[in-house]
Amino acid sequence: MPTPFPFTAVVGQDDLRLALLLNAVSPAVGGVLVRGEKGTAKSTAVRALSALMPDVDVVAGCRFSCDPAGPDPQCPDGPHAETPGTQRGARMVELPVGASEDRLVGALDIERALSEGVKAFEPGLLADAHRGILYVDEVNLLHDHLVDLLLDAAAMGASYVEREGVSVRHAARFLLVGTMNPEEGELRPQLLDRFGLTVEVAASREPEQRVEVVKRRLAYDDHPEEFAGRWAEDEAEVRAKIVAARELLPQVRLGDRALTQIAATCAAFEVDGMRADIVMARTATALAAWAGRTDVLAEDVRQAALLALPHRRRRNPFDAPGLDEDKLDETLDEFAPEDEPEGNSEGDGDGDDDPDGGPDGGGPGGGVPPQDGPHDAPQETKDPQDTQNPQDDAPAGDDREDSPEEPAAAPASGGGAPEEKPVAAGEPFRTKMLSVPGLGEGASGRRSRARTEHGRTTGATRPRGALTKLHLAATVQAAAPHQRARGRSGRGLVVRRDDLRQATREGREGNLVLFVVDASGSMAARQRMTAVKGAVLSLLLDAYQRRDKVGLVTFRKSAAEVALPPTSSVDAAASRLESLPTGGRTPLAAGLLKAHEVLRVERLRDPARRPLMVVVTDGRATGGPEPVQLAGRAAGLHAAEGTASVVVDCETGMVRLGLATELAGRLGGTAVTLDELRADSIAGLVKDVTGTQNTIRRAA
């Protein structure tokens, strides 16, 4: 087994280390979700924590790690006789993103259950992680139904496996840690709320600290055991401190003043539900125990708020997580205990609360809030795609279309050429259902009809591999005619492998929604572009809720570009949309061809995920030889491949040319005006695609 990187050797990341240690002290806190960019020691810190966890006593031979001092009375391996048990280290179990439901919760042998009436159960990862750590890397990429099962087990402390009337239950109490890169997509707010604490991590911008990170990593890679030996003493100290804090935890007093501060803080930040109050109370208690105190102070409440509230403040995926610390301090001061000296909420780490220093023996720790962590880290540098050269943005000469509504250009800094100011998006609104026609087999989601593992049962078939969803009626029907030939005697049904039937189910899938946005001069009217961006933002929000991947192609001047490759990060798409420049001619054909190229590549990468193309344009095509004919031929490529399409007609004015409607006909899709979109009349847009495409196919 490889030597893990020492926890105390992790450079910086004070909030991350503190959150992990608090859960080690009190698993009731509810786990940690670590959010941050790649390469920030998220996985390293989590894996290193396992070496600090105290050993556990287990019943010898029990696959579910029962405690000999109080074995689970419902343990599938029980009942257990009174035995001294054995001691082993706490397990660190990793859940792969591609794990199946059976691998997570365990597998039940349905054939033996039906024929023999026994519960032949093979434990899953939840059983392995009992009384240890369950680590999920890239938790935002995990299928929703697996995340639901995982968080339900973490909340209830038990896992239930139900299969056609046969059930198994076992204890599953573990420290849940998830890591994720927000660029790859967000978790639903309901799932975010189930994690007790959330930490934002970012790489340090201090050269000295970055140098130290590289030195330690290189030293570890060259000689892991020697490097770990240099930190053995610090590791032992932190481990002993965890044990001491666990013993002290039941004695910590959470007074009415602290509870009032907690309640007032949650109310001030308008947090939904009561889970935040409970998590803050448990976190503040763990902070006091970690600092060696039996009283919860205002500084504990403040640090608990910084760890427990930011992810519960998000109302939609476009809100940046975070907490207004000035408002937090004002609330705490307003409800501060009268006998507590001022200034405690901003602890500087020099007091007597934590004489041993921080988690690595030399930094801030205990109940003292680290003030130099990722909360104060510089903002991430902007993507080069978000900012265009002012010379490129400003249409000049023949490249500018005649448009009296062209927005005024903002002066560029430094006295250079004028730079266009991006138009802000309008207020997003609720859209009605869009779906791709037919029956797909893509990733689980909430948009289009698909054959899935979860949903309503529509039939039965012979299992091609391991049986996962038994169709009981079909199985009995298949076995019934052979009972006399099989020598059945008694009440039991003689079932063989060939009799088993797999249930086929229909649910919903997530799709790839590719936005193709016209950013030319004819679209640059400020009022019109505000409405266009508001409509696209509304559809992005809908895509987030329905678990889609999204992509963004824009076209203007003489070319098209992929502003955002297909991704699960809807907020990244919203950011690119916000900074979208406008102006120049309308290379409609280039935009459609670029979209065709993106979809072709995505079909190779993820052939099961069906696309939906949303073209936002007024239908004009200018620039180059025969632009209208080229656009028609490009649209024909999408129609030939059966790509579901919607054209949002942005043409305004008294006289309408109907070019967007013609484009929709060439695409084999449906057209809708901006006014109809704003009036929530998008109902049935893509549903109508089904009838339109079928009509075209019959005519062909």
Exercise. Residues in side chain to side chain donor-acceptor pair (under 3.5 Å) with R449, at least two apart?
Worked result: E506
Problem set entry | R501 CZ to R462 CZ distance, which is reported to the nearest 0.5 Å | 4.0 Å
Exercise. Of all residues at least two apart in sequence or in a different chain, which pass the salt bridge (charged side-chain N to carboxylate O under 4.0 Å, His left out) check with R609?
Worked result: D606
Seminar exercise, completed: For residues 147-156, the side-chain hydrogen bond (donor to acceptor under 3.5 Å, both in side chains) pairs (sequence neighbours left out) are D152-R194
Problem set entry | Closest heavy-atom pair and its distance - V199, L16 | CG1-N, 3.6 Å
Problem set entry | Any residue meeting side-chain contact (heavy atoms from CB on, under 4.5 Å) with V56, in chain and number order, not counting sequence neighbours | V58, R88, R131
Exercise. Mind checking what makes side-chain contact (heavy atoms from CB on, under 4.5 Å) contact with A276, not counting sequence neighbours?
Worked result: C266, V271, L309, R312
Seminar exercise, completed: Separation between CG (D128) and CG (L134), nearest 0.5 Å, reads 9.5 Å
Exercise. Listed by chain and number, what are the ring-ring contact (aromatic ring centres under 6.0 Å, His included) partners of F5, not counting sequence neighbours?
Worked result: Y220, F227
For this session: State which residues pass side-chain contact (heavy atoms from CB on, under 4.5 Å) with A48; sequence neighbours excluded, sorted by chain then number.
Result: F7
Problem set entry | Main-chain N/O of T40 paired to Q13 side chain as donor or acceptor, under 3.5 Å | yes
Problem set entry | Rounded distance (nearest 0.5 Å) linking atom CZ of R610 with atom OG of S448 | 5.0 Å
Exercise. When rounded to the nearest 0.5 angstrom, what is the spacing between CG in D548 and OG1 in T567?
Worked result: 12.0 Å
For this session: Scan for ring-ring contact (aromatic ring centres under 6.0 Å, His included) pairs involving residues 26-66, sequence neighbours excluded, and state none if there are none.
Result: F64-H170
Problem set entry | Pairs where residues 18-57 contributes a residue and the test ring-ring contact (aromatic ring centres under 6.0 Å, His included) is met, not counting sequence neighbours | none
Problem set entry | Test: R47 and E94 ion pair at under 4.0 Å | yes
For this session: For the pair D137 and T179, evaluate side chain to side chain donor-acceptor pair (under 3.5 Å) and give the outcome as yes or no after the intermediate values.
Result: CA-CA 5 Å; D137 194 13; T179 58; 2.6 Å; yes
Exercise. Around atom CD of Q87, are there more than 12 heavy atoms of other residues, nucleotides or ligands at under 6.0 Å?
Worked result: yes
Problem set entry | CD on E122 to CZ on R63, rounded to 0.5 Å | 6.0 Å
For this session: Give every residue pair that meets the ring-ring contact (aromatic ring centres under 6.0 Å, His included) criterion with at least one member in residues 8-32, sequence neighbours excluded.
Result: none
For this session: Look at R173 together with D72 and state whether they make a salt bridge at an N to O cut-off of under 4.0 Å.
Result: no
For this session: Identify, with sequence neighbours excluded, every residue that meets salt bridge (charged side-chain N to carboxylate O under 4.0 Å, His left out) alongside K549.
Result: E602
Exercise. Looking at residues at least two apart in the chain, or sitting in another chain, which of them share a side-chain contact (heavy atoms from CB on, under 4.5 Å) with L104?
Worked result: L95, L126, L146, L149, L150
